[in-house]
Number of protein chains: 2
Amino acid sequence: MKKLTLEEVGKLAGVSRATVSRVVNGYPHIRPEIRERVQRVIDETGYRPNLLARSLASDRSNIIGLVIPSGAQAVFTDPYFPCLTQGIARGVNTNNLTLALFMVHSEQEEERTILSILGTGLVDGLIVTSDNKGDVFIPELLKHDMPFVQIGRSLYSNQVYRVDTDNVTGSYLATKHLLSLGYQRIATIATNRNCSGDDRFTGYANAFAEYGRTIDRRLVAYGDYGLESGYHAMRQLIPQRPDAVFVTSDTMALGALRALQEAQLRVPDDIAIVGYDDLPPAVQANPQLTTIRQPIEQTGFLAVATLVKILSGEPPESHEIVLPVELVVRASCGAVRMNAVETAGQTVSYPVNP
Amino acid sequence: MKKLTLEEVGKLAGVSRATVSRVVNGYPHIRPEIRERVQRVIDETGYRPNLLARSLASDRSNIIGLVIPSGAQAVFTDPYFPCLTQGIARGVNTNNLTLALFMVHSEQEEERTILSILGTGLVDGLIVTSDNKGDVFIPELLKHDMPFVQIGRSLYSNQVYRVDTDNVTGSYLATKHLLSLGYQRIATIATNRNCSGDDRFTGYANAFAEYGRTIDRRLVAYGDYGLESGYHAMRQLIPQRPDAVFVTSDTMALGALRALQEAQLRVPDDIAIVGYDDLPPAVQANPQLTTIRQPIEQTGFLAVATLVKILSGEPPESHEIVLPVELVVRASCGAVRMNAVETAGQTVSYPVNP
DNA sequence: CTGAAAGCGCTTACAG
DNA sequence: CTGAAAGCGCTTACAG
């Protein structure tokens, strides 16, 4: 099964290589009989065009890169990245592209990655998943005119195309939910490591503002999105006697649950808890955990769609797409106080625009 | 920041493009002053070679592909793929390669993926993560002489290079552990969807054989590695009154735990449970779950190393690398019967070769 | 509608 | 040790 070239296929079909190229690429103005003859040879020989040669000649690789920076340590523990990647892969397949995955593990690799991406003609564009505030890649990409779409938010958000989920509204809904149930001492486990953490704290604050309440700083603890950090933050909060806690990531919420369990505090009788993120296996295993559900897979898909538009020279009008999230209420969060019979163990979705 | 070519760099340095090429590629026999002069121009101009052109000319893309077939639905819920990908990415970075990710979502996409990979010159080789018995890709790859390394085991295992974890021994250890604790009715939740499922059942059977015990078919239930399936399988087993259960995946184990909880059965007093796989967040959230830990990340890394060897024309002697696993004993599985004070909540590793 | 030809940016024998 | 030249397999104006 030797590799054929356009030239050879042309010879077999009795036409020039240019004509074969046109047939392969679906160029319209070709005499039908010629097209068929060529197509038959292609089918019979199983000819496949060399993608590298095509890319070189056309100055388009049809490869897009997905960059996962080293800051994103959660890659292992959090289904966030798998879901996102799934969506991106779906987008890539839909648009007949190839996906190159750049995972950065250390700071040295950051430099190396940038170098191997920029100016090498390998990728047409990038999707950058970086929610860290001190972002290394964006300035470089901007400087080199590398087309890209950012997932999440960063300091550069207003200069770039990005797609994100609505973290502010999500946290607002979560907090408001607890407020509306009458909880008085609503703590939060936040994070200040990244922009989504900031946004989620903003949502918490917004709900408090709406209810004319002020935030008690002693009821605010910080974690790093990791399970352990949720555990420690909760242990730190318990002495403050919160009657509810909004944990800004489900992974941390699982840690927090462990701390509550250790402290013999029952959920939701002694304390209500609301998480964020919807980690499939863990959350399903805790069917009581009320949480905010985000359309992560869709985020990835839309990021690709946006990048494709940019690459085709028809960038979208708006620089940002912010996807709605929803509050999924289950038994943990004061369902007992709401209506135990109706809600316990059930899933109730709240619309985003209340 | 216009894109420079070798030719232009050569002009600036007063040498031919061939010489610049040799400097860029670290060719040894070059007069030092020339090398320096060229290198300076490269540094000053920020010249980066066009990877596509290089690939075309050298017939080596330095891109390897990672294929995740549609059978692997667990991509979302299981940290297995993220961990593996992490290891592969580390291997790719270490070997100065680029990783192309091919995620297949449907059967139609399978064909499309094969076509876009095979005979297009895009990838030098592949890593195929397919543990399904009815594997679609392997025969095609074999037919087209595409170099590849398989992760896991399949019907073609003896014809291909592969790296895997030791599923048979892992399950053997898990089961033996329960047997050695004196449990009499040790059920299992197995799966017959893939080869690792077969291997894990074999390990279960091996341990029974070693103890001169026969397997009670009524204590064998099947799931699909999903959480729900674990739940249903456990519900099915409960009427058979097992006193222990070996669940061949932690995701299913979480489902099983839920079923036990619903049935008001306490772990480990009423029934002991041992899982498999070590899903970080979920398992950490259940610190009682004894499980088998596999070196997944390392599996990915070694797969890349193996592929690199194959591509360099020095394939490894053995066609398979099987990595050891370990039993991590925690409180759930009859630790109480062992030595509650010493083992409860602790992690005890058993070596693979007992 | 089709072909001859230039060109994409590199590598790599081949001379010297 | 270095350069001129052929070649990798495509695309794409340009003629006709």
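Throughout, protein chains are lettered first and strands after them, A, B, ... in sequence-line order, and every chain is numbered starting at 1. The shown structure was predicted, so the numbers you read here are calculated from the model rather than taken from an experiment.
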Residues, nucleotides or ligands: over 12 heavy atoms within 6.0 Å of B/Q159 CD: yes
Euclidean distance, atom NZ of residue B/K11 to atom P of C/dG9 [Å, nearest integer]: 13 Å
Length of the line joining B/N25:CG and C/dA13:P, which is rounded to integer Å: 13 Å
A/S58 vs D/dT11: side-chain N/O to OP1/OP2 distance below 4.0 Å: no
Main-chain N/O of A/F81 paired to A/T85 side chain as donor or acceptor, under 3.5 Å: yes
A/R54-A/N62 side chain donor-acceptor pair, cut-off 3.5 Å: no
Spacing of B/R37 atom CZ relative to D/dC1 atom P, expressed in whole Å: 15 Å
Closest nucleotide among D/dG3, D/dC8, D/dC1 to the B/R31 side chain: D/dC1
Sugar-phosphate only, base, or nothing, as touched by A/L52 at under 4.0 Å among non-hydrogen atoms: nothing
Any B/R22 side-chain nitrogen or oxygen under 4.0 Å from OP1 or OP2 of D/dT2: no
N or O in side chain of B/S21 less than 4.0 angstrom from C/dT11 OP1/OP2: yes
N/O (side chain, A/Y47) to phosphate O (OP1/OP2, D/dC10) under 4.0 Å: yes
G-U wobble or Watson-Crick pairing nucleotide for C/dA13 (cut-off 3.5 Å, both distances): none
5' priority, DNA chain C, between B/L56 and A/I34 [closest heavy atom]: A/I34
Spacing between A/E8 atom CD and D/dG7 atom P, to the nearest angstrom: 14 Å
OP1 or OP2 of C/dT2 under 4.0 Å from side-chain N/O of A/T19: no
Shortest non-hydrogen separation from A/I310 to A/P147 and the atoms involved: CG2-CB, 4.2 Å
D/dT11 phosphate, OP1 or OP2, under 4.0 Å from A/R54 side-chain N/O: yes
Between P of C/dT11 and CD of B/E7, the distance in whole Å: 13 Å
Sugar-phosphate, base or nothing in reach of B/I30, heavy atoms under 4.0 Å: sugar-phosphate
Heavy atoms of other groups near B/D59 CG, more than 12 under 6.0 Å: no
Touch class at under 4.0 angstrom, heavy-atom based, for A/N50 against every strand present: sugar-phosphate
C/dG9 OP1/OP2 closer than 4.0 Å to side-chain N/O of B/T5: no
Heavy-atom donor-acceptor pair, A/R48 side-chain to D/dG9 base, under 3.5 Å: no
Distance, rounded to the nearest Å, where B/L122 contributes CG and D/dC10 contributes P: 13 Å
For atom CZ of B/R17 and atom C1' of C/dA13, their distance in whole Å: 15 Å
d(OH, B/Y27; C1', C/dC10) in whole Å: 17 Å
Touch class at under 4.0 angstrom, heavy-atom based, for B/L51 against every strand present: nothing
Note: A/E7-A/R17 ion pair, threshold 4.0 Å (strictly below): yes
